[in-house]
Asker: 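There's a structure below that I have some questions on.
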Amino acid sequence: MQDKLIRFGVSMETALLGRFDRLISKRGYTNRSEAIRDFVRRELVEEGTHNGDTAAFGVLSFVYDHHVRELEARITGFQHVHYRSIVSASHVHTDHKNCLQVIILNDKAAKIEEIATKILSFKGVKHGRLSLTLSGKEI
Ligand code: NI
């Protein structure tokens, strides 16, 4: 069910509003209300995932050199230990030497961060990034 929309006034300096309008235009928004709603949601997600007990989703992407001895087995083994937290894993062979994995996780935010941090610390994992979000019903 769609929640009722409430109108409210916002006061803002002219220069700041100008910068806001240019920013949202660059990002494809056609009106301020939709942009402000999205910005608020983003902050709420950010705030929500700062609490380690929050049920969250995580998207972890990382690139590694599959020639590094035992690394592939280590990555897979670690994911099997944490299979309850991992929803899916995709593997792309980016070239002769490197692989990209994208893992989707669903667990408490702190647990997701713990798993991601560990994987990113493995020797041979070159770089990666974790993005945390909420399921959507909270926002
Ligand atoms: Ni590969």
Side-chain angles (χ1 to χ4, degrees):
M1 196 177 72
Q2 192 89 20
D3 201 358
K4 195 176 89 176
L5 288 175
I6 294 176
R7 293 181 66 89
F8 66 100
V10 176
S11 305
M12 199 181 285
E13 294 86 346
T14 311
L16 185 59
L17 184 60
R19 291 176 65 189
F20 177 69
D21 283 344
R22 283 193 294 279
L23 175 69
I24 67 175
S25 164
K26 204 167 97 183
R27 293 189 181 177
Y29 290 99
T30 52
N31 72 74
R32 290 173 180 155
S33 291
E34 185 55 31
I36 289 171
R37 285 195 289 271
D38 279 2
F39 286 18
V40 169
R41 285 189 198 104
R42 191 166 67 200
E43 287 306 311
L44 289 172
V45 167
E46 184 72 25
E47 176 65 22
T49 55
H50 279 165
N51 176 356
D53 282 334
T54 305
F57 283 87
V59 179
L60 174 67
S61 58
F62 58 99
V63 170
Y64 63 95
D65 178 351
H66 81 150
H67 292 144
V68 172
R69 203 169 157 268
E70 298 294 317
L71 177 58
E72 199 117 83
R74 200 175 171 202
I75 290 169
T76 303
F78 187 72
Q79 289 183 63
H80 277 276
V81 171
H82 296 286
Y83 74 93
R84 285 191 183 88
S85 309
I86 295 174
V87 179
S88 81
S90 299
H91 183 135
V92 178
H93 314 298
T94 58
D95 57 32
H96 285 290
K97 189 177 165 177
N98 298 294
C99 304
L100 163 70
Q101 271 207 44
V102 179
I103 300 174
I104 299 178
L105 304 105
N106 181 207
D107 208 319
K108 291 182 173 177
K111 176 77 176 171
I112 292 173
E113 287 197 13
E114 181 193 315
I115 292 170
T117 303
K118 186 71 187 171
I119 290 174
L120 295 177
S121 78
F122 288 169
K123 185 173 182 290
V125 173
K126 295 176 171 180
H127 61 88
R129 185 169 300 225
L130 172 66
S131 170
L132 278 172
T133 191
L134 303 176
S135 70
K137 64 176 182 286
E138 305 89 343
I139 45 166

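Start at 1 and go down the list; that is how both ligands and their atoms are numbered.
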Asker: Check salt bridge (charged side-chain N to carboxylate O under 4.0 Å, His left out) between Lys126 and all other residues, then give those that pass, not counting sequence neighbours.
Answerer: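 Partners of Lys126 by the salt bridge (charged side-chain N to carboxylate O under 4.0 Å, His left out) criterion come out as none, since no residue qualifies.
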Asker: Could you tell me whether the side chain of Val10 reaches within less than 4.5 Å of the side chain of Phe20, counting heavy atoms only?
Answerer: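 Side chain of Phe20 against side chain of Val10, heavy atoms only: no contact under 4.5 Å found.
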Asker: Sorted by chain and residue number, which protein N/O/S atoms are under 2.8 Å from the Ni ion (ligand 1)?
Answerer: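 Correct list: His91 NE2, His93 ND1, Cys99 SG.
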Asker: Report yes if some heavy atom in the side chain of Leu17 is under 4.5 Å from a heavy atom in the side chain of Arg32; otherwise report no.
Answerer: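 When only atoms from C-beta onward are counted, Arg32 and Leu17 do touch, with a gap below 4.5 Å.
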Asker: Could you give the side-chain donor-acceptor pairs of residues 48-72 under 3.5 Å, partners two or more places apart or in another chain?
Answerer:
residue : atom : partner : partner atom : Å
Thr49   : OG1  : Val45   : O            : 3.0
Thr49   : OG1  : Glu46   : O            : 3.2
His50   : NE2  : Glu46   : OE2          : 3.3
Asn51   : OD1  : Asp53   : N            : 3.0
Thr54   : OG1  : Gly48   : O            : 2.7
Thr54   : OG1  : Asn51   : O            : 3.0
Tyr64   : OH   : Glu72   : OE2          : 2.3
Tyr64   : OH   : Gln101  : NE2          : 3.4
Asp65   : OD1  : His67   : N            : 2.8
His66   : NE2  : His96   : O            : 3.2

Asker: Does Phe78 have any ring-ring contact (aromatic ring centres under 6.0 Å, His included) partners at least two apart in sequence or in another chain, and if so, which?
Answerer: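 For Phe78, the residues satisfying ring-ring contact (aromatic ring centres under 6.0 Å, His included) (neighbours in sequence not counted) are His82, Phe122.
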Asker: Ignoring hydrogens, what is the shortest heavy-atom contact between Arg41 and Asp38? Give both atom names and the distance.
Answerer: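 Reported closest heavy-atom pair: NH1-OD1, 2.6 Å.
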